[in-house]
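Order of the sequence lines sets the chain letters (A, B, ...), proteins ahead of strands, with each chain counted from 1.
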Amino acid sequence: MKDVTKMSDDFDRWYTDVVRKAELADWSGVRGMMVVRPYGWAMWEAITRAFDDMIKESGHENWAFPLLIPREYLMKEAEHIEGFAPEVAWVTRAGGNMEELEEPLAVRPTSETIIGPLIKRYIQSHRDLPKLTNQWNSVVRWEMRSRLFLRSREFWWQEGHTFHASAQEAIDEAAMILDYYRSIAEDWLAVPVLAGRKSPAETFPGAVHTLTVEGLMRDGLALQMGTSHYFGQNFARAYDISFSNKENDRELVYSTSWGISTRLVGALVMAHGDDSGLIVPPRVAPVQVVVVPIFRDDQGREKVERFVKEWTPQLKAAGIRHRVDWRDERPGDKYAHWELKGVPIRLNVGGRDADAGQVEMVDRLTRQKVGVPVEGIARRLAQELDDFQKKLYERAAKFQQDNSYELGTLDEVIAHYRDKGGFVWTQWCGESGNCLVCNRPAKYRVALAKAY
RNA sequence: CGGGGAGUGGCGUAGCUCGGAAGCGCACCUGGCUGGGGGCCAGGGGGUCGCGGGUUCAAAUCCCGCCUCCCCGACCA
């Protein structure tokens, strides 16, 4: 392909090239701040719709909490602020004369510290619990090094914050949401993930435990694709979020928080793409089927146009997101263009096809061309898209399998990562076998990976 | 934030060492030939040379400051 670095030559450049040439996103000129373009945003929208439906189904409600957080709020939970302090951006001046504010305001890096003190107003009794909140917003983290979608100073996400009357209920909530995230990754993005608990060092600041789903990218590095935290009463203690239980005793709530972000768009690029560009899973594809008309002159064009208009309404009725590319370009350009954009299925339609009452179907994975009658085409395409989604998942699952290893000693692990990537399973302080690091009986089975 | 590199029409770049009319390819616009895998011909438009200051008769070019981007580290969804 023109102008895109080959994946095998330089994965990082390939990634940047694809994200920009496929019109997903760009840098803005303000360091670390990205512009998400419509084609990229449409993928995020598909994810947001899917997830929003899931959480509404289980009783969560969307709120909007403030962008700016008073310093005193932010400082309350000691571990939390210690973890986030290095990446918080502050508003210290305002107004026409840029006057210094008396109290600096933090631009939210995440909203535990503003939701806590605000939500307590609405929690008096166990009858007010659980309180299941979520918000769709953007947050700012003053990252020192940025990559489109994967690490930008501003990113878009959802942050769920829930408050419960018992520890078990909160623990269950965090686990349930993690499974939603697994579903988003696997069922929607076609990226198989490892779901599990983070080590203490990687636990979210202020959390009792942090659960994540981790996907494997095609360069062998792992990417965190969603996190769900159980806080115990840590934030409740910091903000005095309490309720009267059934015995009329005052008790601190148990809380959770969880998030997925626009990073997932980067994940699907890196998990599925190839040297020709993106490969987008049908369920989140802004364009699932593209029609490329082929003709020589006006009569040819009219003929193809009439033919295409006969059956495209069926696609619309069937809810298949499709586009007919009437741009004045040559067919070869259009093929390359839509391959770069990763559209799962392309239909080439010329005069010969019109005569035969068929189209030439090409899928982005195999690129094999097959004739498909327009009779019943909507149903056929729906089936093809379904198959495509499955094949894409299977391909990624095989990749994950082929890049997973079982190793016993630290030396083996170090040697492994000298020239390979992937997931390495091993023992860490466990019942069977000995700990990789200290060689004492291991307690956990752990997966390791180089990560983004 | 540390170390290294770089900013020249939308994109990629030449020119900078040694100061003296801003060039090329792609993309774009117009017309024509074309059209089943990235085609061809002709004509055309578009640049405060990242920003600010300095040196000079004269700065893309030399000097100072800042901003942004890329690569490598530490930190991170």
[X] side-chain proximity, nearest of [options]:
| X | options | result |
| --- | --- | --- |
| A/R31 | B/C11, B/U68, B/G35 | B/U68 |
| A/Q224 | B/G37, B/A77, B/G36 | B/A77 |
| A/E143 | B/G36, B/C75, B/C11 | B/C75 |
| A/F295 | B/A77, B/G36, B/G35 | B/G35 |

Checklist entry - Can you tell me how far C1' of B/G37 sits from CD of A/E360, to the nearest Å? => result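 Atom-to-atom, A/E360 to B/G37, this comes out as 10 Å.
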
Next on the checklist: Can you measure A/R327 atom CZ to B/G38 atom C1' for me and round it to whole angstrom units?
Outcome noted: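 Atom CZ in A/R327 sits about 12 Å away from atom C1' in B/G38.
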
Name the nucleic acid region contacted by [X], choosing base, sugar-phosphate or nothing; use a 4.0 angstrom heavy-atom cut-off, strictly under.
| X | result |
| --- | --- |
| A/P331 | sugar-phosphate |
| A/G29 | sugar-phosphate |
| A/T210 | nothing |

With both distances under 3.5 angstrom, what nucleotide forms a Watson-Crick or G-U wobble pair with [N]?
| N | result |
| --- | --- |
| B/U30 | B/A42 |
| B/G7 | B/C67 |
| B/A60 | none |
| B/C1 | B/G73 |
| B/G23 | B/U13 |
| B/G47 | none |

Next on the checklist: Using 0.5 Å steps for rounding, measure from the CG atom of A/D9 to the CG atom of A/D275.
Outcome noted: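 The CG atom of A/D275 is 8.0 Å from CG of A/D9, to the nearest 0.5 Å.
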
Any side-chain N or O of [X] below 4.0 angstrom from OP1/OP2 of [N]?
| X | N | result |
| --- | --- | --- |
| A/W27 | B/C70 | yes |
| A/R145 | B/C72 | yes |
| A/R330 | B/G35 | no |

Next on the checklist: Assuming nearest nucleotide by heavy-atom distance, tell me which of A/N348 and A/Y452 is located more 5' along RNA chain B.
Outcome noted: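 Its nearest nucleotide being more 5', the pick is A/N348.
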
Item to check | Residue closer to the 5' end of RNA chain B, A/T16 versus A/V359 (nearest nucleotide) | outcome: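 Its nearest nucleotide lies further toward 5', so the answer is A/V359.
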
Checklist entry - When you check the side-chain N and O atoms of A/T227 and A/T210, is any donor under 3.5 Å from an acceptor? => result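 Their side chains do not contain a donor-acceptor pair, so the 3.5 Å distance test is not met.
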
Item to check | Polar contact flag, side-chain donor to acceptor under 3.5 angstrom, A/T5-A/D17 | outcome: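 Yes, side-chain donor-acceptor contact under 3.5 Å.
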
Answer yes or no: side-chain N or O of [X] and base N or O of [N] forming a donor-acceptor pair under 3.5 Å.
| X | N | value |
| --- | --- | --- |
| A/K334 | B/G36 | no |
| A/E339 | B/G37 | yes |
| A/D333 | B/G37 | no |

Checklist entry - Is the A/F307-A/F295 ring centre distance short of 6.0 angstrom? => result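 No, ring centres 6.0 Å or more apart.
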
Checklist entry - Between A/R153 (side chain) and A/E143 (backbone), is there a donor-acceptor pair under 3.5 Å? => result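 Flag set: sc A/R153 to bb A/E143 pair under 3.5 Å.
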
Checklist entry - In the 5'-to-3' direction, what one-character label does each nucleotide of nucleotides 41-51 of chain B receive under the scheme B = base within less than 4.0 Å of a protein heavy atom, S = sugar-phosphate only, - = no such atom? => result -----------

Checklist entry - Any idea which heavy atoms bring A/Y239 and A/Y73 closest together, and the distance? => result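 Distance-wise, the nearest heavy atoms are OH-O, 2.6 Å.
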
Checklist entry - Can a cation-pi geometry be assigned to A/R218 and A/F11, taking NZ or CZ under 6.0 Å from the six-membered ring centre and within 45° of the ring axis? => result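 Relative to the ring axis of A/F11, which defines the angle, A/R218 lies outside at least one limit.
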
Next on the checklist: Does the structure place the NZ or CZ of A/K341 under 6.0 Å from the centre of the six-membered ring of A/Y39, at an angle of no more than 45° from the ring's axis?
Outcome noted: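 Yes, a cation-pi geometry.
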
